[in-house]
Number of protein chains: 2
Amino acid sequence: MSGSRPPGERETAHADRETHSRAERKERTRQRLLDVTFRLIGDRSLASISLREVAREAGIVPTAFYRHYASMDALGVELVDESMRPLRQMIRDARRGRVVHGDIIADTVKILAKQVREHPDQFWFLTRERSGGVDAVRRAIATELRLFTSDLTVDLARLTAGYDWSTDDLEMAAGLMVSAMLSTVVDLLESDARHPEDASALLDRAERQLRLIALGMGAWRSKP
Amino acid sequence: MSGSRPPGERETAHADRETHSRAERKERTRQRLLDVTFRLIGDRSLASISLREVAREAGIVPTAFYRHYASMDALGVELVDESMRPLRQMIRDARRGRVVHGDIIADTVKILAKQVREHPDQFWFLTRERSGGVDAVRRAIATELRLFTSDLTVDLARLTAGYDWSTDDLEMAAGLMVSAMLSTVVDLLESDARHPEDASALLDRAERQLRLIALGMGAWRSKP
DNA sequence: GATTTCAGTGCACGCTTGTTCACTGACCAG
DNA sequence: CTGGTCAGTGAACAAGCGTGCACTGAAATC
């Protein structure tokens, strides 16, 4: 009952005996540990996954785990970095989309949906561990989200140039948008798991929410 | 942080030997199981807390646990109910506040802040397990949040009477408000743990976010 | 007073956990 | 060819886990 994985993604390796150098094989095993943990994260929290389970799934003996990471927590921190890659990609895409097309909001929501659809395990991990058990992991995610918000703040500043918005208010609006998108991500993940046909309704809702915020911003007057 | 329990105070099942009826004592133990779990939840996720640990802290033998709950998951579900009490209280307060005072938004935020301040453990539990490991618990919280949203939808319907909002749009707006408040709760909890002086800034931000949404709603026109 | 109920006990079981340790043997540099 | 490096092995450990079972004894019911 492994999670739904999109085709074309890196498959978990089988034992490849004769292939390549030692360093290469080590890197391969390391990657397999990350992949396997991602798969296990699909159902459960990081804190409830055991070192032995990860090792077992990766096809190595428990003690060999320590050749790669000092603990599961250390692996978890690396996992955050790994999961942030699609998120960063998302932001880049969104920025590019803004330049090319006209409808910022529709494009943003589409890109969000695409990323969540293509990397559900990563988003599961991020939403789950955002308030989850391991401290270092939680902090890493919070930092990344703050960066996301401040990027969005900059974009909003550009869009509201001439309407004398205070930085504080811009951050407030950006934070609201991020909140809306985060809760959309959670909803998408949970609906995808149960009845995938709801996705478009959720996306429509998200789009209207962002549009509502935009309307509000049109009527807003910042106070110094 | 660690529980604030004086040393040597661990109450056992038969400590109150002479007091009260059997049914009363059972209820007492049951409540102790819930309380103990709340305390343990302060630091960690529900999935990482063992039945034996809860029983030990509650002063009963592990097998006696089954006289009250079929599993830790079942206890978790009841814990959701227990934690939702302050939230429900909050909603009632907010409703009453709406009748008495003028400024709905300011009152709502104040009530939210008060509840979070007074019941941090419960809110920690809810935010942590909202995307957490145990399935039944996650679903119970989702259900409760949906109820919250639909209550708010009704309120918004009353406030927007005459502006022909569709139910779908009302739910959309209510969902946005709930998202904003949820993220405020998370921020409050995490700031309270580290530097409690930020709370008022966060609350100010939350108030402006809700006001921004209200402004957006004033400019919104529902489409059939 | 006799009988039933049942919250809590105590032991035992089979299993999983993280971590230690000495080891093997394929790779790679000299 | 020789010797070192080191990813992966396999046995062993102490501890903790969930749960089954026969039990005790006080309270509730008759």
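Throughout, protein chains are lettered first and strands after them, A, B, ... in sequence-line order, and every chain is numbered starting at 1.
Spacing between atom CD of A/Glu27 and atom P of D/dC6 amounts to 16 Å, rounded to whole angstrom units. Per the geometry, CZ belonging to A/Arg56 stands 17 Å off P belonging to D/dG8, to the nearest Å. B/Leu51 has its CG atom 14 Å from the P atom of C/dG8, to the nearest Å. Whole-Å rounding puts the B/Arg28 CZ to C/dA7 P distance at 16 Å. If you take CZ of A/Phe65 and P of C/dG18, they are 9 Å apart, rounded to a whole angstrom. As rounded to whole Å, 16 Å separates atom P of D/dG18 from atom OH of B/Tyr69. Here D/dC6 presents its C1' atom at 8 Å from NZ of A/Lys26, a figure rounded to the nearest Å. Look at CD on A/Glu57: it is 11 Å from P on C/dT17, rounded to the nearest Å.
Ranking D/dA28, C/dA7, D/dC17 by closeness to the B/Arg52 side chain, first place goes to D/dC17. Proximity note for A/Arg22 (side chain, C-beta onward) versus C/dC6, C/dT17, C/dG25: the nearest is C/dG25. Minimum atom distance to the side chain of B/His68 is reached by C/dG8, of the listed C/dG8, D/dG18, D/dA28.
When each of B/Ala23 and B/Glu53 is assigned the nucleotide of DNA chain D bearing its nearest heavy atom, the one mapping closer to the 5' terminus is B/Glu53. Each of B/Arg67 and A/Arg67 lies near DNA chain D, and the nucleotide nearest A/Arg67 is the one positioned closer to the 5' end. Of the two residues near DNA chain C, A/Ile49 and B/Val61, the one whose nearest nucleotide lies more 5' is B/Val61.
Neither OP1 nor OP2 of D/dG18 sits under 4.0 Å from any side-chain N or O of B/Ser71. Here A/Arg30 does not reach the OP1 or OP2 of D/dG8: none of its side-chain N or O atoms lies under 4.0 Å away. Distances shown here put a side-chain N or O of A/Arg25 below 4.0 Å from the OP1 or OP2 atom of C/dC27. For the pair A/Ser50 and C/dT17, the criterion of a side-chain N or O lying under 4.0 Å from OP1 or OP2 is met. The side chain of B/Arg32 contributes no N or O atom lying less than 4.0 Å from OP1 or OP2 of C/dA7.
No donor-acceptor distance shorter than 3.5 angstrom exists from the side chain of B/Glu129 to the backbone of B/Arg138, with no hydrogens or angles considered. Within the 3.5 Å criterion, the main-chain N or O of B/Arg67 finds a donor-acceptor partner in the side chain of B/Lys26.
The base of D/dG10 sits within donor-acceptor range of the side chain of A/Thr63, with an N or O pair under 3.5 Å.
Checking B/Glu118 against B/Gln89 by side-chain atom types alone, no donor-acceptor pair falls below 3.5 Å.
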Might you work through the side-chain contact (heavy atoms from CB on, under 4.5 Å) test for B/Val137 and B/Phe125, ending with a clear yes or no? CA-CA 10 Å; B/Val137 171; B/Phe125 170 68; 4.3 Å; yes
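Closest approach of A/Arg128 and A/Ile41 over heavy atoms only: NH1-O, 2.9 Å.
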